[in-house]
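Everything on this sheet refers to the single structure shown next.
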Amino acid sequence: MKEVTANFNTKEIEREVQEYWRTHETYKAVKQHRSAGKAFFFVDGPPYTTGQIHLGTAWNKIIKDSLLRYQRMNGRNVIDRAGYDMHGLPIEVKVEQALGFSSKKDIEKFGIGHFIEKCREFAIRNKKLMDAQFESLGIWLDFPNAYQTITPGYVEAAWWTLARAEEKGMLERGFRVVNWCPRCETAIADAEVEYWDETDPSVFVKFPIKGKANEFLVIWTTTPWTLPANVAVAVSKEFVYARVHAEKNGHKEYLWMAEPLIKSVLKKGRYQKFEALETKTGADLVGWEYDSPLAEQVPLQHEIAHRVVAADFVAMENTGMVHIAPGHGWDDYVLGTKEKLAIVCPVDGAGKFLPVAGIFAGKFVRDANQDVLDALGDHLMATEKITHRYGHCWRCKTPIIFRATSQWFLKASEIRDLMLAEVEKVTWYPEWAGSARFYDWIKEARDWCISRQRYWGIPIPVWVCDKCDKYRVIGTIAELEKASGTTVPDPHRPFVDSVTIPCECGGEMHRVGDIFDVWFDSAVASWATLGFPAKTAEFEKLWPADFITEGQDQTRGWFYSQLGASTIAFGKAPYKSVCMHGFALDAEGKKMSKSLGNVVSPEEVIAKVGVDVLRFYVLSTSAPWDDLKFNWDGVATVNRAVNILWNVYRFPLPYMILDKFEPQSKDGVWDKAYIASHLHELPDEDRWIISRVNTVAGIVDAATKECQLHRATRELINFILEDLSRWYVQLVRPRMWLEGESEQKRFAYETIYYVMRRLIGLMAPFCPHITEEIYGNLRCRNDPASMHMLDWETCDDSLVNAELEHAMELARSFDDAVQNARQAGKRKLRWPVDEVVIVTAKEEVKAAVARLNAICMDRANARKVTVVMGRWDRIGWHAEPVMKALGKGFGKDSFKVKGLIEAADGNAIKAATGAGQTYTLTSGDAKFEIGAEHVTFTEKLPADIFSAPMEDGTVYVDVALTPDLEAEGYAREVIRRIQEMRRQLDLAVEDFITVDVAVADKRICDLVGANWKPGIAEEVRAKNLSLHNANEPAASAYQLIKEWDVEGIAMTIGISKASP
RNA sequence: GGGCCCGUAGCAUAGCUCGGUGGUGCGCCCGGCUGAUAACCGGGAGGUCAUGCGUUCGAAUCGCAUCGGGCCCA
């Protein structure tokens, strides 16, 4: 053991500990140590390689690390491979920006191969940056061996999974409407669409009814550019529609729309007169034919037979008639398929109209809105603006469009029930994350469009014959090599694009151009990380995962994508338990974002308070599943608690070292059995703190098992502050100062040692650095080299004494009350008091005070601490007049009587009225008879007695001084000042001094001199002490002379270090 | 528009499952200790428990509605 500095420098300690771990390969050694244990298969949700971790990412990994360290200490062989998500559009967009590209044409010109190389470099560079950031957080995951979604083996896992989907008929090639980003020129998943407000046109358009002159259907839309793709108008069967005769500026026409909406629509169209002529239900309208108002300008529209159809999604708003373009809307598409409407999409991947769109050809769709309105001419009935929520591409923020294209789908909707059944088998923390949130999300599951028309991703392993259109899904690289007769060194684009497979029909199969949705990459992580399908042994042994934990945003993300892929491939959930955690927000509960300028980075926190404090803070400040409102005050509070831990640890070290203390050990290994075998000899405070640390261990263990990390860490912080620092250390201090060999001191050392070892064991999963540092200093010669190799210890019931814990709680409550009462009586703690009395009705309190009497006396600085059951006879009564009764009984003498009652002996009045008699008050000649109705009583304390409530009782402190008490009080004042001066001279604890004390007041001087000279000399380690009455400073030359004012008495004290 | 979570002193939170005088920490004010000392400890002030309605003898807690924040969805 060595002494440690008072300046608790977390950063320095953490740097040293991490350096120690590095040079001793501690992580590896710990893994080796647990390698024979039962496996605990954890799958790291792969962060996307953006290069910069934020507070939320740090929190995520801290939760993982804490729980995994807990599992390791419990003997589990933890599969802890880290992972990174390294493909996808976000990286492509970053690289495009770096290269100054604005469209896919730029990429194709640059060369797909070159572009992918840039993306790969970007991903790998960022992965390395993030490795370092995670490791600086003390995260013990296998980073050097992290799974990366870009490796051939990983790609193969995705291919294999798709092959299973095809086998089971879950893969579908479909011409369907998808969310489409016109800038990225790719389909994007529902999950990749972000919504915010956009302002768009809101227009009412007249469609001429076939064969009826001057008669129209009125529809409403916010996307005029979809009108060139209109094929139908939808109505609700139940709604009532009306034929309206409308007149505007002398022009008359007939309009059809939902009857309840006539007024609002015609007002918008600025019609001066209108009149409903007849009504029909929607069902009656079905089958009506109409012409497109754009037939002239758009050749495509000539081909289409437009008609009215019924749909259940039509709402009673706008006109009650909905424009249907099955190529540009999801509902439209579904309806179009059902009604066998033409599904037309005259828009290319870049969002520009094709030649079939006639006059609009080449125009970008959103720019074409005005052109369409112009082209509508008289058919445009009204136009205004509307601001509504609109979808955008998650990466480039471009407003999306809906576009019917040929895509690949996994039929997730067909396995919905199986997924729901699997979700119920998973253990969720908290329970509602699964039963409510995730469950509801899966109920809505739609087919999953997995194809993207991009470059940096896992190529979809589907080869299509250019002759017979038959397709084949390739499951492994070996299979591809065999089928194609080519070696495949890298399964990425563009290389795989050039690999062809001969078809049975004699034609040649080419790979489809698409890559996977990047969410599919991480979806296969639980088996890809085990090297499956190339290797199967580990998979068979370990899969599915024992545990995963991620943020609540992953409900729709990784929790779902994994479940979907796994249910398709294996028919079951890929994880057994899931902890869903919250989001890291700023102090106001707002999302941290660069634009708001409220971002706090983990580095910033670490720079101020260190890693362990950050870890302890994020774990203790909120429940994992609640959002974390980051707050610097909270960080400072946790920092203080950790600092107190450091002080508690540091405090006994100098004494232990001075006494060459070694804890009981066997063969150089700490033997904690000492505590159990000596328990009955230990003083109560030792037995109490031993009991407490075990009780706490039980709570921490139970909480951690249930992912209640906030409860575990709060319990620990509370133990450090309340039990250790504020109580045990205060009680045990005098025993540290005992000279020479002493059993009591030895007990204190062994107890402190035990408690510290147990405490750092409990804290190790959460604060791995400071616990390692303390352990490194405390450990015995042959103890394991690292704290993290020790086994987890929960509560040892044989060391718990609930009765003693409760008794001590009462003693603490007593202590608080005494301090409170002393404060009221203005008697400092340094001054002894004669007696403290506790009045209580509870036997428990009496027993506790009897058992812990020495502690109570010491804490109260009292000569006696006694318990009175029921009522203490020194408490008197004070009578208070009841004016209402006095007025009735004494009339105009009331006020006189009031004064008399207040001045009278309350005890006497109470005795008389309590016995049913009256009490006579006299004033001059007047006599007044006081009855029970005239007075109420309050307690009256004798002078010098002050009280304060404690748990189940009241504490009374007698602060009256006797010469004896006064002598000790002054003696203590003198001692304190000499000690203060010792410190000023920077003397060592064991140094001796010579002292001269000149006291200006003769009475005080004699009082103290009579009995206290030896006591003072001993306390301050004085070889010579002279105490004399004088008004002048002592003449002799002392190293330090100071004048003091002690409670109004002038004293001059000189001290010097004595020669040894 | 829908699902889930959250709202308790200046700040951060416990209590809510299962109704019975709202605790704690930080900060603030006052004090103590002085062999943990740039440390430690005690006391005090500070609350419409987001708002409203309801159930109940009694609601922070149960129900409904509204408002605000977060995540997700349409």
Side-chain angles (χ1 to χ4, degrees), chain A residues 4 6-8 190-191 193-195 315 330-331 389 391 430-441 443-446 551-557 559-560 580-591 617 620-623 625-641 643-644 646-655 710-711 714 717-718 721-722 724-727 729-730 732-734 736-737 812 815-824 826-831 859 861 948 972-973 975-980 982-983 987-990 1019-1021:
Chain A
V4 297
N7 309 3
F8 168 51
D190 292 339
V193 179
E194 288 182 0
Y195 292 85
W330 177 252
D331 286 337
R389 307 260 292 158
E431 192 273 332
W432 50 259
S435 67
R437 197 183 172 120
F438 195 46
Y439 201 87
D440 286 350
W441 161 244
K443 277 198 291 199
E444 307 286 313
R446 292 203 299 183
Q552 52 185 314
D553 53 331
Q554 297 304 329
T555 303
R556 70 161 182 182
F559 297 159
Y560 175 67
M580 183 192 83
H581 66 77
F583 252 57
L585 310 173
D586 77 357
E588 271 87 54
K590 295 245 156 54
K591 199 172 163 175
Y617 168 72
S620 64
T621 198
S622 56
W625 41 85
D626 283 341
D627 289 338
L628 185 156
K629 289 193 220 165
F630 184 86
N631 179 284
W632 281 107
D633 283 347
V635 174
T637 303
V638 173
N639 188 45
R640 181 166 163 270
N643 189 47
I644 288 174
W646 185 256
N647 278 321
V648 168
Y649 149 67
R650 184 171 69 90
F651 140 79
L653 292 179
Y655 310 106
H710 61 310
R711 284 183 197 259
R714 284 172 191 175
I717 289 172
N718 186 57
L721 296 177
E722 288 297 326
L724 259 187
S725 169
R726 289 183 190 157
W727 196 242
V729 167
Q730 308 305 324
V732 84
R733 279 162 79 171
M736 297 289 105
W737 310 332
R812 293 201 59 177
D815 180 50
D816 290 349
V818 169
Q819 295 223 39
N820 197 348
R822 273 178 169 272
Q823 200 167 333
K826 296 196 169 34
R827 183 67 72 223
K828 303 198 252 192
L829 195 52
R830 193 152 54 226
W831 288 64
R859 294 295 302 172
N861 191 14
R972 287 206 178 203
E973 295 283 2
I975 290 167
R976 194 221 124 189
R977 273 139 180 113
I978 296 170
Q979 300 285 31
E980 170 75 32
R982 281 186 66 117
R983 189 164 48 252
L987 298 182
V989 173
E990 61 272 22
E1019 283 278 320
V1020 302
R1021 294 176 81 88

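Lettering of chains follows the sequences in order, A, B, ..., and the numbering in each one begins at 1. Both backbone and side-chain heavy atoms feed into the values below; hydrogens, waters and symmetry mates do not.
A donor-acceptor pair is defined here as one N or O able to donate and one able to accept, closer than 3.5 Å; such a pair exists between the side chain of H581(A) and the backbone of G551(A). The backbone N or O of M580(A) sits nowhere less than 3.5 Å from a side-chain atom of Q552(A) that would complete a donor-acceptor pair. In this structure, N820(A) contributes its side chain and A948(A) its backbone to no donor-acceptor pair below 3.5 Å.
Residues E980(A) and R983(A) are paired through a salt bridge, judged by an N-O separation under 4.0 Å between the basic side chain and the carboxylate. Ion pairing between a basic and an acidic side chain is recognised when a charged N comes within 4.0 Å of a carboxylate O; E1019(A) and R972(A) show no such pairing. A salt bridge does not link R812(A) to D815(A): none of the charged nitrogens lies less than 4.0 Å from a carboxylate oxygen.
Taking atom C1' on both C72(B) and G27(B), the two are 37 Å apart, rounded to the nearest angstrom. Comparing A74(B) with A12(B), their P atoms are spaced 33 Å from each other, to the whole Å. When the P atom is used for both C53(B) and G58(B), the distance is 15 Å, rounded to whole Å. Between the C1' atoms of G63(B) and A9(B), the separation comes to 28 Å (whole Å). U56(B) sits 23 Å from U51(B) when the P atoms are compared, rounded to a whole Å. Only the C1' atoms considered, A59(B) is 13 Å distant from G15(B), to the nearest whole Å. Taking the P atom of each, G10(B) and C71(B) are spaced 26 Å apart, rounded to whole Å. With P as the reference atom, U48(B) and C4(B) are 30 Å apart, rounded to whole Å.
Where T621(A) and W625(A) meet RNA chain B, the nucleotide closest to each residue was compared, and W625(A) sits on the side nearer the 5' end. Mapping D815(A) and W432(A) onto RNA chain B by nearest heavy atom places W432(A) at the nucleotide closer to the 5' end.
Distance CG (D627(A)) to P (G68(B)): 18 Å, rounded to an integer number of Å. Atoms CG (D440(A)) and C1' (C5(B)) sit 13 Å apart, rounded to a whole Å. Remark: P of G68(B) and NZ of K629(A) are 16 Å apart, rounded to the nearest angstrom. A straight line from CZ of R822(A) to C1' of G44(B) spans 19 Å, rounded to a whole angstrom. Going from atom CD1 of I644(A) over to atom P of A38(B) covers 15 Å, rounded to whole Å. One interatomic measurement links the two molecules: CG of N639(A) to C1' of A39(B), which rounds to 14 Å at whole-angstrom precision. If you measure from atom CD1 of I717(A) to atom C1' of U13(B), you get 12 Å, rounded to the nearest angstrom. Residue Y560(A) contributes atom OH, which lies 18 Å from atom C1' of C4(B) at whole-angstrom precision.
Aromatic ring centres of W441(A) and F438(A): separated by at least 6.0 Å.
At a threshold of 4.5 Å between non-hydrogen side-chain atoms, the residues R830(A) and E973(A) count as touching. Considering only heavy atoms from C-beta on, N631(A) stays 4.5 Å or farther from T621(A) through its side chain.
Nearest to the side chain of E722(A), among G70(B), C11(B), G25(B), sits G25(B). Closest to the Q552(A) side chain, of the nucleotides C71(B), G43(B), A36(B), is C71(B). Among the nucleotides U34(B), U13(B), A36(B), the one closest to any side-chain atom of R714(A) is U13(B). Nearest nucleotide to the side chain of F583(A), out of G42(B), A14(B), G70(B): G70(B). The R983(A) side chain lies nearest to U37(B) when the options are A36(B), U37(B), C5(B).
Across all strands, R827(A) comes closer than 4.0 Å to no nucleic acid atom at all (heavy-atom distances). Looking at heavy-atom distances under 4.0 Å, T555(A) makes no contact with the nucleic acid at all. At the heavy-atom level, V818(A) lies nowhere under 4.0 Å from the strands shown. Nucleic acid contact class of Q554(A) (heavy atoms, under 4.0 Å, all strands): none.
A donor-acceptor contact under 3.5 angstrom links the side-chain atoms of S725(A) to the base of A36(B).
Remark: RNA chain B takes part in the stems B:1-7 with B:67-73, B:10-13 with B:23-26, B:28-32 with B:40-44, B:50-54 with B:62-66, each of 3 or more antiparallel Watson-Crick or G-U pairs, criterion distances under 3.5 Å.
Remark: R822(A) is not positioned above the aromatic ring of W831(A), lacking an NZ or CZ atom under 6.0 angstrom from the ring centre and at most 45 degrees off the axis.
R714(A) meets the side-chain hydrogen bond (donor to acceptor under 3.5 Å, both in side chains) test with no other residue; sequence neighbours excluded.
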Quick one, give me the B/S/- string for nucleotides 26-33 of chain B, reading 5' to 3', where B means a protein heavy atom under 4.0 Å from the base and S means that only happens at the primed atoms, P, OP1 or OP2. S---BSSS
Going through the checks in order, is the side-chain hydrogen bond (donor to acceptor under 3.5 Å, both in side chains) test met by N647(A) and R650(A)? CA-CA 5 Å; N647(A) 278 321; R650(A) 184 171 69 90; 3.0 Å; yes
